[in-house]
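Structure, as structure tokens:
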Amino acid sequence: MTEVTKRILVTGGTGLVGRAIEKVVADGEGRPDEEWIFVSSRDADLTSSSETKALFERHKPTHVIHLAAMVGGLFKNIRSNLDFWRTNIHINDNVLHSAHELGVQKVVSCLSTCIFPDKTTYPIDETMIHNGPPHSSNFGYSYAKRMIDIQNRGYSEQHGRHFTAVIPTNVFGPHDNFNIEDGHVLPGLIHKVYLAKREGGRTSRDFFGGEMRGFFSPTFSVGVESGSALTVWGTGKPRRQFIYSLDLARLFLWVLREYDEVEPIILSVGEEDEVSIREAAEAVAEAMEFRGELVFDTTKSDGQFKKTASNAKLRRYLPGFQFTPFKKAVKETCAWFDANYANARK
């Protein structure tokens, strides 16, 4: 019988990426010497230093994947930049310091491409994180995430700790946040298209009681099959690299086991796989067999136009890694949402 030598604690373990890691581990990519522990906010309030320390003392992890964060879409960030800053700073400091105090061998934290400077050259890479201010729409979240990189370097230089971070591009998949007002682009659109198909000729006020704050606002003239329209906020021109959560989960396992640098690494599809918001909306409509018209409301904010990231560093390590094709991943996510609607929409 193989002895368990790694106890891997995953914070934010019931979220999008945590559930994806749990699935790939359960599907055969876990190892006999690993014990996986997935925790959520129900297990501890990570903004509390005492609760965080108690969580670590209870589970005694040797390794940590740190996913827990306050997250949200464009309009939630615009409304609450201070909240995003304060909450995430407390979470990150408590997790990393508890890991240090308890002698955790390795911590892999999750950053985001929104941390990169708004005014920059493309593609962005790992050397450019601190080269200028992030986009003003989500500066609180962005600066809080940047500080993880600063802390990792500090714990490495001052205490010899092996703390690092990954930078995924836009993640989507099963167990995403499909909240219409506060979710990200793809899950928000998936939910809207689902409602458009289900409800047919009702108006957006019938669904949501008036004001909409998300990217996607449905308006209906007649039934879906005879020409209803789905209004997408913005021009549809901004471009994004989307990574399927199950692909990201497999890459997380590789980083935990094999990646030895303190410097972050971008986990992303290639530049050639970048798609526009319009193309993403069309992929969702196709996957869900929505036959109505997509209308783009150009009076609404687009947010950051692009943040094209280079995955050259990842490819140097893993030249043969196969990403799930975007349309296939969208179709699988839509199917999951349809099958789990009662819980997924919350």
Side-chain angles (χ1 to χ4, degrees), residues 17 65-67 69 71 77 88 92 96 106-157 162-172 184-185 237-245 247-277 280 302-324 326:
V17 181
I65 292 179
H66 175 38
L67 307 175
V71 298
N77 273 273
N88 286 305
N92 298 335
L96 293 180
K106 187 173 183 178
V107 178
V108 180
S109 297
C110 190
L111 309 185
S112 166
T113 51
C114 71
I115 68 176
F116 284 97
D118 179 36
K119 306 300 182 184
T120 188
T121 56
Y122 294 100
I124 50 182
D125 65 36
E126 293 85 353
T127 68
M128 302 162 69
I129 294 173
H130 304 286
N131 286 359
H135 194 269
S136 60
S137 64
N138 60 1
F139 68 87
Y141 178 81
S142 299
Y143 275 121
K145 284 291 189 180
R146 278 191 192 184
M147 292 303 101
I148 290 180
D149 179 51
I150 299 299
Q151 287 183 274
N152 287 346
R153 294 169 189 272
Y155 280 113
S156 174
E157 292 181 10
H162 192 181
F163 295 176
T164 190
V166 303
I167 310 172
T169 46
N170 294 58
V171 190
F172 72 99
H184 287 105
V185 174
K237 294 179 181 179
R239 302 187 66 79
R240 297 290 184 265
Q241 289 156 293
F242 293 99
I243 181 171
Y244 193 29
S245 59
D247 293 342
L248 179 59
R250 287 186 280 270
L251 290 171
F252 254 106
L253 297 192
W254 169 77
V255 171
L256 183 76
R257 296 164 178 164
E258 307 293 341
Y259 182 71
D260 292 327
E261 298 184 38
V262 174
E263 288 73 19
I265 184 169
I266 291 171
L267 303 182
S268 174
V269 299
E271 300 165 51
E272 67 279 5
D273 295 312
E274 189 176 58
V275 298
S276 68
I277 298 302
D302 271 333
Q304 192 168 2
F305 178 73
K306 66 181 294 182
K307 39 187 178 178
T308 311
S310 168
N311 71 349
K313 183 175 181 178
L314 174 65
R315 284 305 189 193
R316 287 197 296 271
Y317 278 105
L318 297 175
F321 186 85
Q322 296 294 312
F323 289 94
T324 306
F326 177 65

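Positions are given from 1 along the sequence.
- We find the CD-OG distance between Q151 and S109 to be 8.5 Å, quoted to the nearest 0.5 Å.
- Side-chain contact check for W254 versus F321: every heavy-atom pair is 4.5 Å or farther apart.
- Looking only at side-chain heavy atoms (C-beta outward), Y141 and I115 stay at 4.5 Å or farther from each other.
- Contact of the F242 side chain with the T169 side chain is not registered, since no non-hydrogen atoms from C-beta on lie closer than 4.5 Å.
- Pairing each heavy atom of F305 with each of K237, the nearest pair is CE1-O, 3.4 Å.
- With contacts defined as side-chain heavy-atom distances shorter than 4.5 Å, the pair H162/V107 does not qualify.
- Of all the heavy atoms in K145 and C110, the pair that sits closest is NZ-O, 2.7 Å.
- Distance check: I266 CD1 to Q241 CD gives 8.5 Å after rounding to the nearest 0.5 Å.
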Step by step, work out the ring pair (Phe, Tyr, Trp, His ring centres under 6.0 Å) result for F172 and Y244. CA-CA 5 Å; F172 72 99; Y244 193 29; 5.7 Å; yes
Salt bridge (Lys or Arg N to Asp or Glu O under 4.0 Å) between R239 and E271, intermediate numbers included: CA-CA 10 Å; R239 302 187 66 79; E271 300 165 51; over 6 Å; no
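- Every residue meeting the side-chain contact (heavy atoms from CB on, under 4.5 Å) condition with S142, not counting sequence neighbours, appears here in chain and number order: C114, P134, N138.
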One pair to check against side-chain contact (heavy atoms from CB on, under 4.5 Å): I265 and Y317. What are the steps and the verdict? CA-CA 10 Å; I265 184 169; Y317 278 105; 4.1 Å; yes
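- Inter-residue side-chain proximity for L251 and Y259 is flagged as unmet; no heavy-atom pair is nearer than 4.5 Å.
- V108 is listed as a side-chain neighbour of F252, based on a closest heavy-atom distance under 4.5 Å.
- Residue pairs meeting the side chain to side chain donor-acceptor pair (under 3.5 Å) criterion with at least one member in residues 115-129, sequence neighbours excluded: D125-T127.
- Side-chain contact check for L248 versus V17: some heavy-atom pair is nearer than 4.5 Å.
- Between P117 and G132, the shortest heavy-atom distance links the atoms CG-N, 3.5 Å.
- Applying the side-chain contact (heavy atoms from CB on, under 4.5 Å) rule to R153 yields the partners D149, V262, E263, P264; only residues at least two apart in sequence or on another chain are considered.
- Rounded to the nearest 0.5 angstrom, E258 CD and L318 CG are separated by 9.0 Å.
- Here the side chains of I277 and R240 are in contact, with some heavy-atom distance below 4.5 Å.
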Apply the test side chain to side chain donor-acceptor pair (under 3.5 Å) to residues N311 and S268: give CA-CA distance (whole Å), side-chain angles for both, the deciding distance (0.1 Å), then the verdict. CA-CA 6 Å; N311 71 349; S268 174; 5.5 Å; no
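- Here OG1 of T164 is found 7.5 Å from CD of E261. Values are rounded to the nearest 0.5 Å.
- Of all non-hydrogen atoms in K307 and I124, the two that sit nearest each other are O-CD1, 3.5 Å.
- Between the CD1 atom of I167 and the CG atom of L111 there is a distance of 5.5 Å, given to the nearest 0.5 Å.
- Looking at N92, its side chain does come within 3.5 Å of a backbone N or O of N88 through a donor-acceptor pair.
- Atom CZ in F323 sits 10.0 Å away from atom CZ in R250 (nearest 0.5 Å).
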